[in-house]
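Heads up, the thing below is written out as structure tokens.
Each chain gets a letter, A, B and so on, in the order the sequences are listed, and its residues count up from 1. What's counted below: heavy atoms across the whole structure, side chains too, no hydrogens, waters or symmetry copies. Fair warning: this is a prediction, and the values are worked out from it, not measured in the lab.
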2 protein chains.
Amino acid sequence: MATGRTHRPATRSRGIPEATVARLPLYLRALTALSERSVPTVSSEELAAAAGVNSAKLRKDFSYLGSYGTRGVGYDVEYLVYQISRELGLTQDWPVVIVGIGNLGAALANYGGFASRGFRVAALIDADPAMAGKPVAGIPVQHTDELEKIIKDNGVSIGVIATPAGAAQQVCDRLVAAGVTSILNFAPTVLTVPDGVDVRKVDLSIELQILAFHEQRKAGEETAAGDGALPAATRDTSTDQGPDGDVPAVMPA
Amino acid sequence: MATGRTHRPATRSRGIPEATVARLPLYLRALTALSERSVPTVSSEELAAAAGVNSAKLRKDFSYLGSYGTRGVGYDVEYLVYQISRELGLTQDWPVVIVGIGNLGAALANYGGFASRGFRVAALIDADPAMAGKPVAGIPVQHTDELEKIIKDNGVSIGVIATPAGAAQQVCDRLVAAGVTSILNFAPTVLTVPDGVDVRKVDLSIELQILAFHEQRKAGEETAAGDGALPAATRDTSTDQGPDGDVPAVMPA
DNA sequence: CCATCTTTGTGCACGCGTTCACAAAGACAT
DNA sequence: ATGTCTTTGTGAACGCGTGCACAAAGATGG
């Protein structure tokens, strides 16, 4: 996972595989684009290309939803859009709160993709009293003290954490205690939550490090012939020149 | 990734499994925290807990790097920090460009996690001439026209795309043509790149939709007492009481 | 009504990742 | 030195996800 993964091992549900669920939004996006161009039907081959996946995989994914295609023709675009939306729960309205209105939180609040599908920013919450009342993306920021009340009054079940790492767990605990059962975490920390609560994390730094790994591998391949030779005999440990004094823990904000 | 995936199937390299690579940054973060507290050694059990994974998984992950532990004792924190950093390529400096300095781009530019490990923001690039010269996070924004020159002059191999979806592919093409071989994409689009270029995507909207799916499933479970009973016989599909208005236009067959 | 052609839906095999469980390795005390 | 105790490193089994390849379904044309 670009994305990280914090799932319970496996749900007993006779439902859709997790890997498939993760791709449905991709299909939905491609289908929506087709719908806007008034394309009536699409083949698995075409749609797969648009979504950047394998056509066999796409067909198998759709087979978990039911037999919604017509052999010799393809899939009805409008119908599929509806079916996938329904499966993902996007036919209902999901009020969402964003906690931590720093640079990132503001960017999220302004993000158009939120409102476009089922998601509605119910409130923006920040711990800084100076922020209170200040409008961001047209929504006034509220103080953390109001958190529990906001969650309950609006029936919020999805929370987005964009606070510094140090505050994340505490915010998380309060969100969960107030009734939130799904959390999208942007803070670079491992969140601990009770069973029944889903956490997904988005971690900039991790994604970059993964890219760096591959980048290094590419560079190593073309230049050096053999570097895999020297293991780690010399324990030159702490003497490394790494970015020593780097205090992590601080997020945008 | 959060996680998107656009990898080539498998690298022939005798190297580390992709799943393991994705966890190394997690271990590194936990280890860095321990290092700052001057903890000398740590057991697989403790470290696994801190990183939010299974201890067996962690040991297997480390076994791909070599035998860096001491039985009966655990792992030397400083030593592991160095080994993982080296494996991830973080002992060298990675110049990075961010393209698209809107809300999100600015948030990324201000993100502390960038500089803290090996990554250095070499330039901020935006298509809006009005932005040119304006400093963001202490770095003056440069115009898109300069893109190729910036990439080459700084030897940039990692690019971050934070533009609107419509511009992403075009920017991507230019980055790749100029020599970038790793891309972190925040735009909600599928990017097409030549072989040898790595793309990771971070997609807000997708993460939320996945959460919504699970959220819906939870809600469905608690209301309908016995759902485990009825398999899929009565696929209450289109006939359900969903948001009435948007009934699919066409029912296939 | 029959033949042909397109495209879906899926059985099957394969490979990767996860987890269990345990032998081997080393620390430490006696 | 010997025994005990802790913790690693890994062999093996299992389950999930992926991709191939093809039969079945339906459209289309004669």
By salt bridge (Lys or Arg N to Asp or Glu O under 4.0 Å), which residues pair with B:E215, not counting sequence neighbours?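 By the salt bridge (Lys or Arg N to Asp or Glu O under 4.0 Å) rule, B:E215 matches B:K218.
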Side chain to side chain contact (heavy atoms under 4.5 Å, CB included) partners for A:A56, two or more places apart: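 A:A56 satisfies side chain to side chain contact (heavy atoms under 4.5 Å, CB included) with A:N54, A:R59 once adjacent residues are dropped.
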Residues in side chain to side chain contact (heavy atoms under 4.5 Å, CB included) contact with B:A50, at least two apart in sequence or another chain: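 With sequence neighbours excluded, B:A50 shows a side chain to side chain contact (heavy atoms under 4.5 Å, CB included) to B:A30, given in chain and number order.
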Taking the side chain as everything from C-beta on, heavy atoms only, tell me whether B:E18 gets closer than 4.5 Å to A:H214. yes
Spacing of [X] atom [atom1] relative to [N] atom [atom2], expressed in whole Å:
| X | N | atom1 | atom2 | answer |
| --- | --- | --- | --- | --- |
| B:D76 | C:dG26 | CG | C1' | 15 Å |
| B:N54 | C:dA21 | CG | P | 12 Å |
| B:E18 | C:dC16 | CD | C1' | 12 Å |
| A:K57 | D:dC20 | NZ | C1' | 13 Å |
| B:E46 | D:dT6 | CD | P | 14 Å |

Identify, with sequence neighbours excluded, every residue that meets side chain to side chain donor-acceptor pair (under 3.5 Å) alongside [X].
| X | value |
| --- | --- |
| A:S205 | A:Q209 |
| B:D61 | B:T20, B:R23, B:Y27 |
| A:S157 | none |

N/O-N/O pairs, protein side and nucleotides 11-15 of chain C side, under 3.5 Å:
| residue | atom | partner | partner atom | Å |
| --- | --- | --- | --- | --- |
| C:dG11 | O6 | A:K60 | NZ | 3.2 |
| C:dC12 | N4 | A:K60 | NZ | 3.2 |

Sort and list the pairs that fulfil ring pair (Phe, Tyr, Trp, His ring centres under 6.0 Å) and have at least one residue in residues 189-211 of chain B, not counting sequence neighbours. none
List, with names and distances, any nitrogen or oxygen atoms from the protein found under 3.5 Å away from nitrogen or oxygen atoms belonging to nucleotides 5-9 of chain C.
| residue | atom | partner | partner atom | Å |
| --- | --- | --- | --- | --- |
| C:dT7 | O4' | A:G72 | N | 3.0 |
| C:dT8 | OP1 | A:S44 | N | 2.5 |
| C:dT8 | OP2 | A:S44 | OG | 2.6 |
| C:dT8 | O2 | A:R71 | NH1 | 2.9 |
| C:dG9 | OP1 | A:G69 | N | 3.1 |
| C:dG9 | OP2 | A:Y75 | OH | 2.7 |
| C:dG9 | O4' | A:R71 | NH2 | 2.9 |
| C:dG9 | N7 | A:R59 | NE | 2.9 |
| C:dG9 | O6 | A:R59 | NH2 | 3.2 |

Would you kindly say whether A:Y82 and A:E78 are connected by a side-chain donor-acceptor distance under 3.5 Å? no
With each end axis built from five pairs of C1' atoms, what bend angle do you get for the helix from C:dC1-D:dG30 to C:dT30-D:dA1? Round to 10°.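 One end's axis against the other's: 10°.
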Can you pull the salt bridge (charged side-chain N to carboxylate O under 4.0 Å, His left out) pairs that have at least one residue in residues 25-39 of chain A, sequence neighbours excluded?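 Every pair satisfying salt bridge (charged side-chain N to carboxylate O under 4.0 Å, His left out) with a residue in residues 25-39 of chain A: A:R29-B:D203.
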Within residues 160-172 of chain B or reaching into it, pairs that qualify as side chain to side chain donor-acceptor pair (under 3.5 Å) - sequence neighbours excluded: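 Residue pairs with at least one partner in residues 160-172 of chain B: B:Q169-B:D173.
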